[in-house]
Student: 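Let me give you the structure first, and then I'll get to my questions.
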Amino acid sequence: MMEKSCTLLVHFDKGTPALANEIKEALEGNDVELKIEALKKAIMLLLNGDTIPHLFITIIRYVLPSEDHTIQKLLLLYLEIIDKTDSKGKVLPEMILICQNLRNNLQSPNEYIRGVTLRFLCRLNESEIIEPLIPSILTNLEHRNPFVRRNAVLAIMSVYRLPQGETLLDSAPEIIDRFLASEQDPSSKRNAFLMLFNCAQDRAVNYLFTHIDRIIDWGEQLQMVVLELIKKVCRVNKGEKGKYIKVIISLLNAPSSAVVYECAGTLVSLSSAPTAIRAAANTYCQLLLSQSDNNVKLIVLDRVSELKASHREIMVELVMDVLRALSSPNVDIRRKTLDIVLDLITPANVDEVVMMLKKEVVKTQGGELEKNGEYRQMLVQAIYACAVKFPEVASTVVHPLMDFLGDSNVASALDVAVFVREIIETNPKLRVSIITRLLDTFYQIRNSRVCTHALWIIGEYALSLSEVESGIATIKQCLGELPFYTASEEKEAQDASKNSQVVSSSTVSSRRPVILADGTYATQSAALETAMSAPVLLQGSLTSVGNLRSLVLSGDFFLDSVVACTLTKLVLRLEEIQPSKVEVNKATTQALLIMVSMLQLGQSSVLPHPIDNDSQDRIVLCIRLLCHKGEEVRKIWLESCRQSFVKMLADKQLRETEESKAKTQILNAQPDDLIDFYHLKSRKGMSQLELEDEVQDDLKRATGEFTKDNDDANKLNRILQLTGFSDPVYAEAYVTVNHYDIVLDVTVINRTKETLQNLCLELATMGDLKLVERPQNYTLAPESSKQIKANIKVSSTETGVIFGNIVYETSSNVLERTVIVLNDIHIDIMDYISPASCADVAFRAMWAEFEWENKVAVNTVIQDEKEFLNHVAKATNMKCLTPLSALEGECGVLAANLYAKSVFGEDALVNVSVEKQADGKLSGYIRIRSKTQGIALSLGDKITLKQKGGP
């Protein structure tokens, strides 16, 4: 059975069903309120499939004569939902009873009754009921009230669009054309123009160009319909789009923001002329400043981003206008604005952009907004990207940014440290000034991770005698007096530790594992735990102003090891450049004393946790090195470390270059494509804008941008067989997966010698898939075929299944329905995720945050670790974040991070940890993490299915 069309939806609470007898009694009574309630209950029951026998006659007798407006409105809703035809499609005889009532309503002195009746007629499909009402409908076009007139126009449009509409009302376009010429009400004019747009397009175009001078004064609704008309006409007849583009550009001055936004979008879709694109881009920039709604700004920024991708050279001119969107306090808007601007930076505008970003950084110091720290971090990253891309601006930004090394926002300070570390290597001229500034501001740094970066920079890039001596003096000053504790403090600490033994044991038991740089797990050390909490300052540190002392006394032993390494490098370099052996020995002795004091502190009971083995070994190594200096070791410490860093930067640059090349689309034109020569074109009657548009179209055609990707082999891969070759009906589907929906183009072939009636493709879904509409019934002649389209909405990144069957009746036996079960269609998660990049810090933060983890044991015939990693990356459509240099060498162990992003903005994180066994086989685990369960499970299933590899 074919489902009935529905024009009305009402929420129905099935918990308290109404009784048919109660409804009838209320309708037969004289109480208006009870009648209204009874009518509402009757409508809800009928909408939900229930039946009330003989209700129609009761309503005709007792409800139809009522003059109450609410009852009349509900009566029209009731008439809208009841069956007006029998099983053969003929109008029921009793429907004639309502025709007179509808005619009376259309002639009612009350404009509300007229209007709602006209609106009701828009939903009627039975021409037998409508035909006697047509003269009354036309009369309402001249009613004094605009509410009646606008609904009369809609009623005429719906009548004209019926299957027999042109016969019933053949002069409708002419009537509406005359009405439009004299009408003053904006809504009525919009409906009239919409009727011409849908039913008589030539008349709509003629009206538009007849009144083109006054188009700017038309109402917002009418202007929106005009834009729809222009898009429709230009799709069919591309040769005439020049004159329509002039109309759109004139509408860019309309007072309505919605019209202006639509104009800009229409311009971009129709024309590639620089003048048109520039006008659209300027419009978007103005909307960014004039609109206060953050959602509107985000949508406009999306349009700007699309323009940037296709017309970058024009958007480059407007980069400062786009930057003005940073005035919004919303973090998402600021982030999107900075992402767009960073892609539009050129040598010509980089100075202006960086100056603007520096001003914004200074504003964030005010501290009025709660998200200033996050915004400052974004600005620092943006300036960092500018300086890396254009090294000449680094000198203007690096020194102001170094003031933020002591920022309370750790992420922002860390970004500055990383930025300084890269700039000092890539800009040798800035080395002296950076080192001097860093030594001056080092005491302001309060975070352990920022300190480690700053110490590394001092150890590697302090080259002159004064710099090395200043470096050693600064570190010594920040560490304060030695030793770090006294005997009395140790005794007090021992007593305190006995009292708090129970508390500390419960704290240790609640520790979580952490993720190391290679993505593997490790038990969190005491040093890191205490570093994450508030520093535990001892008496000896309270009197000291040294930032390093505070961190060392808080139990951060990793920082201790970094201090030891930095001092070792500085002493080794001092030995090379200091002619006085006495000074060298003095510095060596001071460094050894600091290291020994750190070891002593780590092994004492002053701190709640002892020093970890890694940090202890590192400090001991530095002590041994300073006591027994050798040339080979000196070379490793003073040269190899920097060479490794240089190599890391080179790898990063290579990756970015490859990514930019991959983004560049290669367009090819066919050798036999038509080429138009601009100078040989006829320019008669063409404006400059039309000429520009023609030239841009020719350019696109020449470069292959109009050439669609018709990869027949790829299309064949998308075709799925749904039934067997021996079935009476053969079906196959071509599956097109878009971002948010799936289109099934099903070809159905009748392989029998009989006519198949009421053939219906019944589909159902499993997972986060939803069928938009049910395909209708069809009749298939013998050995004929039919194309049936089905749309399915997708709401999340999850593997889904579409299943169903084909049901039909044969002409020889109408009573028996045949069912053919279809093969299942599996929707692959790979259609929704694509490789993406993210920073290591962001990856680890997401890994710690995401709740859903799926752990898959490695089971493969592949015996090479790198080959297996590439196989997993290809099977999951993910990008390996671990640089190639880190994967070099043969050690039998491999750990790598993979990352992808779905079209819904979901993140998919994968960590591959494998080890080669003695028998040559690989073992280990692949861990998948995501914010939602679906993507973690679907990716796990995909990896389990594909990881085996081999032929």
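Small disclaimer: the values here were computed from a predicted structure and weren't measured.
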Student: Restricting to salt bridge (charged side-chain N to carboxylate O under 4.0 Å, His left out), what partner residues turn up for Lys231, sequence neighbours left out?
Tutor: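 If we apply the salt bridge (charged side-chain N to carboxylate O under 4.0 Å, His left out) test to Lys231, skipping adjacent residues, the hits are Glu228, Glu262.
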
Student: Restricting to side chain to side chain donor-acceptor pair (under 3.5 Å), what partner residues turn up for Gln787, sequence neighbours left out?
Tutor: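 Per chain and number, Gln787 pairs via side chain to side chain donor-acceptor pair (under 3.5 Å) with Asp745, Thr747.
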
Student: Could you work out, with salt bridge (charged side-chain N to carboxylate O under 4.0 Å, His left out) as the rule, every residue matching Asp302, not counting sequence neighbours?
Tutor: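 Listed in chain order: Lys336.
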
Student: Taking salt bridge (charged side-chain N to carboxylate O under 4.0 Å, His left out) as the cut-off, I'd like each qualifying pair that reaches into residues 67-79, sequence neighbours left out, listed once.
Tutor: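 Salt bridge (charged side-chain N to carboxylate O under 4.0 Å, His left out) check on residues 67-79 returns no pairs.
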
Student: Just jot down the side-chain contact (heavy atoms from CB on, under 4.5 Å) partners of Ala764, sequence neighbours excluded, or say none.
Tutor: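 For Ala764, the residues satisfying side-chain contact (heavy atoms from CB on, under 4.5 Å) (neighbours in sequence not counted) are Phe803.
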
Student: Determine yes or no for a side-chain-to-main-chain donor-acceptor pair under 3.5 angstrom, with Arg817 supplying the side chain and Glu809 the backbone.
Tutor: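 Between the backbone of Glu809 and the side chain of Arg817 there is no qualifying donor-acceptor contact (under 3.5 Å).
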
Student: Would you please name every residue forming a side-chain contact (heavy atoms from CB on, under 4.5 Å) with Val63, sequence neighbours left out?
Tutor: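 Applying side-chain contact (heavy atoms from CB on, under 4.5 Å) to Val63 gives Leu27, Leu39, Ile59, Ile71, Leu75.
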
Student: Arg203: what forms a side-chain contact (heavy atoms from CB on, under 4.5 Å) with it, not counting sequence neighbours?
Tutor: Pro173, Glu174, Asp177, Leu196, Ala200

Student: What residues, two or more places apart in sequence or in another chain, satisfy salt bridge (charged side-chain N to carboxylate O under 4.0 Å, His left out) together with Arg214?
Tutor: none

Student: Can you pull out every salt bridge (charged side-chain N to carboxylate O under 4.0 Å, His left out) where at least one residue sits in residues 114-124? Sequence neighbours excluded, please.
Tutor: Glu80-Arg123

Student: Which class fits the ring pair Phe147 and Tyr112: parallel under 30°, tilted 30 to 60°, perpendicular over 60°?
Tutor: parallel

Student: Listed by chain and number, what are the salt bridge (charged side-chain N to carboxylate O under 4.0 Å, His left out) partners of Glu131, not counting sequence neighbours?
Tutor: none

Student: Which pairs with one or both residues in residues 186-198 pass side-chain hydrogen bond (donor to acceptor under 3.5 Å, both in side chains), sequence neighbours excluded?
Tutor: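 Output for this query lists Asp185-Ser188, Ser187-Gln221.
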
Student: Tyr207 pairs by ring-ring contact (aromatic ring centres under 6.0 Å, His included) with which of Phe197, Trp218, Phe179?
Tutor: Trp218

Student: Run the side-chain contact (heavy atoms from CB on, under 4.5 Å) test against Glu126 and tell me which residues pass, sequence neighbours left out.
Tutor: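 Scan of Glu126 (side-chain contact (heavy atoms from CB on, under 4.5 Å), adjacent residues dropped) gives Lys84, Thr85, Val91, Leu124, Glu128, Ile129.
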
